[in-house]
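Below is one structure; the comments refer to it alone.
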Amino acid sequence: MTNTGQAATRYTGLVDKYRDRLPIRADAQAVSLGEGDTPLVRLENIPAALGIDIDVYVKYEGLNPTSSFKDRGMTVAVTQAVAEGSRAVICASTGNTSASAAAYAARAGIIAFVLIPEGKIALGKLAQAMMHGALVIQIKGNFDRGMGLVKALADEAPVTLVNSVNPYRLQGQKTAAFEIIEALGKPPDYHCLPVGNAGNITAHWIGYSEHAGLNTAACAFCAGDCGFLPRSADGRRPRMLGYQASGAAPFLRGAMVDKPETVATAIRIGHPQSWDFAWAASRESGGWFAELSDEQILAAQKMLAEQEGIFCEPASAASVAGLIQDLRAGKLVAGSSVVCTLTGHGLKDPDTAIRQSSEPITVEAEMDAVKRIILDNMA
Ligand code: AN7
């Protein structure tokens, strides 16, 4: 017996899988690295330790090809850019967008220019942009300043802007909501996300809204102010909970923040580009924004790593830190289901991980010395 008659089932990425729900050119050939299809892991130990009656899942986006959710948007943005004949992409980034743009540009054989705030991106992300051969431009200014520059540059030079102001980015990122619905059989009651530039919370809201039968795709090409988010809904959608670091929390201040600061450098953003869309998603979903201290964020990161075996980067842990804070305050309905997006992998930022862990013990390479440590620590 041979299995020559078996149908091929190789997963080839989200453009191929969701093509009928993406507004890309019909002749576009997917520029893919197999992104998407990430695990939805049910937390076991943290809910038990907290003694809560809530089903908590994490969408582990750190398992994408460049280890963050950005790959979902990047595959669609670069696919469309190449189909339109573009030969270069540009972005400003706190790190993950630049890593993803660099990888997808390499895959497509085009140039990536990435602007990053000098000294303020995590080591792994810098390594990725450099390894993939992007032209890395460090600026003596923060992400928001870089964003202003690339928006102006994209108007003056033949380069495609691949920050999330490019509507194809949000179109790709909305597929995370589709996957969650497929995995659970229905949307969750709440969806928790870290919020920086606010593209991802907007993209998830588009995804959930499309699933609920509301046509939000139609206006994806407008300048961004046509109010493409639905004004009313009959289909069920989750409440969207957006979490920010206190030092970079424009949605909590109700105004832009000029000097954002947080250990979670991925969300060190004070002037979010999807400001209006994210407010609309929050209000229409019946959700809210909340803020966390850096200590709360790092504590949640450590808790996920130590108690669940899941290593995410600091910014990602804001979703779980926020959920825990709101659970303690009694803000969620008992018996609900919750999804927290873990946006990036912990290996992105080894410095912050090592800084908050205890030092390894160094001993002589002798049986006795090692055995003593084992026995001491099992007592
Ligand atoms: C791990 O890479 O903005 O609210 O330039 O890397 O959609 O901006 C990264 C953002 C959350 C916030 N978690 O998402 C960039 C960048 C991680 C991130 C966010 C980012 P948005």
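For this chain, numbers begin at 1 and follow the sequence in order. Both counts, for ligands and for their atoms, begin at 1 and track the order of listing. When reading the values below, keep in mind they use all heavy atoms of this one structure, side chains included, and skip hydrogens, waters and symmetry mates.
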Short N or O separations between ligand 1 and the protein, below 3.5 Å:
from	atom 1	to	atom 2	distance (Å)
ligand 1	2 (O)	Ser93	OG	3.1
ligand 1	2 (O)	Thr94	OG1	3.4
ligand 1	2 (O)	Asn96	N	3.2
ligand 1	2 (O)	Thr97	N	2.8
ligand 1	2 (O)	Thr97	OG1	3.0
ligand 1	4 (O)	Gly196	N	2.8
ligand 1	4 (O)	Asn197	N	3.3
ligand 1	4 (O)	Ala198	N	2.7
ligand 1	5 (O)	Ser93	OG	3.0
ligand 1	5 (O)	Thr94	N	2.8
ligand 1	5 (O)	Thr94	OG1	3.4
ligand 1	5 (O)	Thr97	OG1	3.3
ligand 1	6 (O)	Asn96	ND2	2.7
ligand 1	7 (O)	Gly199	N	3.2
ligand 1	7 (O)	Asn200	N	2.8
ligand 1	8 (O)	Asn197	N	2.7
ligand 1	13 (N)	Thr343	OG1	2.7

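- In this structure, Leu40 and Lys59 have side chains that are in contact, with non-hydrogen atoms separated by less than 4.5 Å.
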For residues 310-336, dump all side-chain donor-acceptor pairs below 3.5 Å to protein atoms at least two apart in sequence or in another chain.
from	atom 1	to	atom 2	distance (Å)
Glu313	OE1	Lys125	NZ	2.7
Glu313	OE2	Asn96	ND2	2.8
Ser316	OG	Thr343	N	3.1
Ser316	OG	Thr343	OG1	2.7
Ser316	OG	Gly344	N	2.8
Ser316	OG	Gly344	O	3.3
Ser319	OG	Ser316	O	2.8
Ser319	OG	Thr341	O	3.1
Gln325	OE1	Gln296	NE2	2.8
Gln325	NE2	Glu291	O	3.3
Asp326	OD2	Tyr243	OH	2.6
Asp326	OD2	Trp288	NE1	2.7
Ser336	OG	Val333	O	2.4

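- Here the rule is side-chain hydrogen bond (donor to acceptor under 3.5 Å, both in side chains) with Arg72, and of Gln171, Gln173, Glu61 only Glu61 fits it.
- Under the 4.0 Å criterion applied to side-chain N and carboxylate O atoms, Lys151 and Glu156 are not assigned as salt-bridge partners.
- Figure legend: cation-pi geometry between Arg268 and Phe143 absent, as NZ or CZ is not positioned both under 6.0 Å from the six-membered ring centre and within 45° of its axis.
- Annotation: Asp368, atom CG; neighbour count of heavy atoms from other residues, nucleotides and ligands within 6.0 Å does not exceed 12.
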